[in-house]
Structures are given as structure tokens and as C-alpha cells.
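Heads up, the thing below is written out as C-alpha cells.
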2 protein chains.
Amino acid sequence: MKRKLGELRLEEVGRSLHSNAIHLLRDVRIEDSAMGIGPAQASALSVVVFGGPHSLNELAEVEQVRPPTMSRVVEALVGEGLVRREANSNDRRSVIISSTEKGTKIIHEGRSRREKRLIKLLSQLDADEIRCLGKASEILSRVLVAEHS
Amino acid sequence: MKRKLGELRLEEVGRSLHSNAIHLLRDVRIEDSAMGIGPAQASALSVVVFGGPHSLNELAEVEQVRPPTMSRVVEALVGEGLVRREANSNDRRSVIISSTEKGTKIIHEGRSRREKRLIKLLSQLDADEIRCLGKASEILSRVLVAEHS
DNA sequence: TTTGCATACTTAGCATAGCTAATCATTAGC
DNA sequence: GCTAATGATTAGCTATGCTAAGTATGCAAA
């Protein structure tokens, strides 16, 4: 009986987390227009800013798009001076995409605007509630990061 | 001193929640290709399935797109038999978009695939951790829902 | 070595999804 | 009843997704 209740709770928590993730990002996304670049460019640029230089194929895989799509996104970012596309000396077929200072600045500012908006929302909570969210977020990080590696 | 620590923690929690929301949705999104419709159509259809009938302008506002964009998305959904577009008898300029059975089925199945994937990830956690996530998710719901109303 | 296949990326061409400007129909205000 | 405001659509542009095909490089086996 206890097992069954546990399983029901697990499903309920999954549904709730999924729904909250959608609503949370829908809310903070409002700030993104200030970046002046589209969502695909912003997302790809974020990956190189926070995750360091990547090859085009790596970037496509992380972003869950096909290489031709990422090729064009990178082309646009290069044209805007937000990333560099450099040859890989170990394998000249491959290109290494890294962020410029301008690209890094845009992403950090954009991320900051999103986080400020979220933090403002959270600031209506009391200390116990914040602690609870912090603990939950740590648990979630562990599960989600494990999935990517 | 305690106040300062509290503020730092708040920011840290905000950053962490934001990052987790991104990674969570990036992960579950993998299941969406099975729906057979694009992300804009899926998202708009979800709104009418879970939120009931909406006018086109309401739908555009919820989805954070302009009316012409939503008009075309709805046109595609109508063509696929996933929503109905009916006249509003109170205001004949307005159209009411509601889901068909087919549309409702597609969204419920898609949502279920996403949730199953998330629940599988969560199932590696122990009961205390699930309880912690559940509590946090409730807190988050309260803050996020308040934002929309 | 060279022949041939695999790999990394790009190019070309198509579909979807975002926008603004302009249009049409209806409603609301005077 | 005029006029302005509102809800939706149409037209035409850009951005972003795809597959198929092309180019350049790397690797392996004859």
C-alpha cells in the first residue's frame, strides 16, 4: 500500500515539475527580446558561453538540431560578431566555435535579466520556502546533469 | 549579516531553478517528434486542451506571439483536424478555437510521453527526495500561477 | 600508395513559425 | 448613422527547422 502511494506521488510530482518548468520559462522568456537575437542563436550562443568552445556537430547535438541548421545559425552569429569559427588543427574537417567578448556580454546580460525576473518572483517567499526550493533544485540538478554525461 | 546571506541564497536558488527548467525541458522535448506536429502547433493546441476554448487573440497572448502568427498556426491545426474554429455569437469579429477529440488525444499522449520520461528520471530518487521536490513544486506553482492571473 | 569509404561541414531547396503593414468585418462611441 | 476601435486575416519578409547532395579531409585496407 505504501509502495502504491509512493508511485502515485512520484507521477504527481513529475507532472507538477514539468508544468512548472514550462510556466517558469514562458515567464522569463519575456526578457529575451532585449538581446536582439533570435531564440536559436541565443540558445546556441549560451552553450558556448557557459560550456566553452564546441565543434559544430557537438553544438548541433546539444541543441537537438541537424548540422545544416546549426551551420546556418553559426553563420549568422559569426556575421554579428558574437562567435568565432576557427579551424581545428587536429582535424581540418572540423571547426571550433567559441564566443567573442561581445557574444559573452550579450548572453550574460540576457541571462541576468531572466534571473532578475525570476528572483523578483521568488522574493515574495519566506526563508523556509526558499530553502525548500534550493534543496529541491540541488536534487534536480543531480538527476538532470547525470542524464547529459 | 543574516539578511545578506539570505539574499545571496535567493539569487543562487533563482539561477539554479532557471538552469534546471532549461535542462528539464530540453530533455523531455526529445519525445515531441512522436506527436507529428511542430512546436508552435503543439504548444497552442496544449493551451486549448488544458485551458479550454480561447479566442485567437487570447491564444496569441498566452503564447507570446502576434495575432497573424497565431492565425496561421490555427489555420494549420484546423487543416489537420486538431481544432475547431467557431464563430462567437456575442461578437462576430471573434473566433473561438476549441480542440477536437483528435487534437485532445494527440496532446494527452504527447504530454504522457514527456511525463513518463521525466518520471523515469525521478524514479532513481528516494522517498524523501521526491517529497522535497513535491513540496518545492507546490511552492513554485503558487508563485507562477499568481503571475498569470 | 592509392583506392575507397567514413566523417565534418556546407549548400540548396523546402516547410514552419516569427514579425510588421495593410485589409476586412464587426462593434462601440458620439 | 458616422467614425474610431477591435478581432482576425492576408501579404510579404526573416529566422529556423528539415533532407538531399556536394566538398574537403581523414582513415584503412588492397
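Both backbone and side-chain heavy atoms feed into the values below; hydrogens, waters and symmetry mates do not.
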In this structure, how many angstroms lie between the [atom2] atom of [N] and the [atom1] atom of [X], rounded?
X: R92(B); N: dA28(C); atom1: CZ; atom2: P; result: 12 Å
X: L82(B); N: dT16(C); atom1: CG; atom2: P; result: 13 Å
X: R29(A); N: dG18(C); atom1: CZ; atom2: C1'; result: 12 Å
X: N88(A); N: dT25(D); atom1: CG; atom2: P; result: 13 Å

Strictly below 4.0 Å, N to O, side chains only: are E75(A) and R85(A) in salt-bridge contact?
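Yes, this pair counts.
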
Under a 4.0 Å N-O cut-off, is there an ion pair linking R29(B) with D32(B)?
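Between D32(B) and R29(B) there is no salt bridge, as every charged N stays at least 4.0 Å from the carboxylate O atoms.
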
Does S94(A) make a side-chain N or O approach to OP1 or OP2 of dT25(D) shorter than 4.0 Å?
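So the side-chain polar atoms of S94(A) never come under 4.0 Å of the phosphate oxygens OP1 or OP2 of dT25(D).
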
5'-most contact on DNA chain D: Q64(A) or D91(A), nearest heavy atom basis?
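Going by which nucleotide is closer to the 5' end, it is Q64(A).
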
State which residue, out of E101(B), H108(B), E109(B), fulfils the side-chain hydrogen bond (donor to acceptor under 3.5 Å, both in side chains) condition with K105(B).
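The side-chain hydrogen bond (donor to acceptor under 3.5 Å, both in side chains) with K105(B) is passed solely by E109(B) among E101(B), H108(B), E109(B).
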
Check: S99(B) main-chain N/O paired with R84(B) side-chain donor or acceptor under 3.5 Å:
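Indeed, once roles are kept as given, a pair shorter than 3.5 Å links the two residues.
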
Residues, nucleotides or ligands: over 12 heavy atoms within 6.0 Å of R66(A) CZ
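Count not over threshold, so no.
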
Interatomic distance, S16(A) atom OG to E115(B) atom CD [nearest 0.5 angstrom]
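The CD atom of E115(B) is 10.0 Å from OG of S16(A), to the nearest 0.5 Å.
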
Which residues within residues 65-78 of chain A lie with some heavy atom under 4.0 Å of an atom in DNA chain C?
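P67(A), P68(A), S71(A), in order of number.
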
Which of residues 32-62 of chain A sit near DNA chain C, with a heavy atom under 4.0 Å from it?
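Residues of residues 32-62 of chain A that come under 4.0 Å of DNA chain C are, in numerical order, S55(A), L56(A), N57(A).
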
Start with the C-alpha gap between V95(B) and S55(B), add the side-chain angles, then the distance that decides, and say whether side-chain contact (heavy atoms from CB on, under 4.5 Å) holds.
CA-CA 5 Å; V95(B) 295; S55(B) 77; 5.9 Å; no

Report whether L25(B) and V62(A) are members of the same hydrophobic cluster (ILVMFWY, side-chain heavy atoms less than 4.5 Å apart, transitive linking).
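L25(B) does not cluster with V62(A).
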
Using only modelled atom types and a 3.5 angstrom limit, is any donor from either the side chain of R93(A) or the base of dT7(C) paired with an acceptor on the other?
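Yes.
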
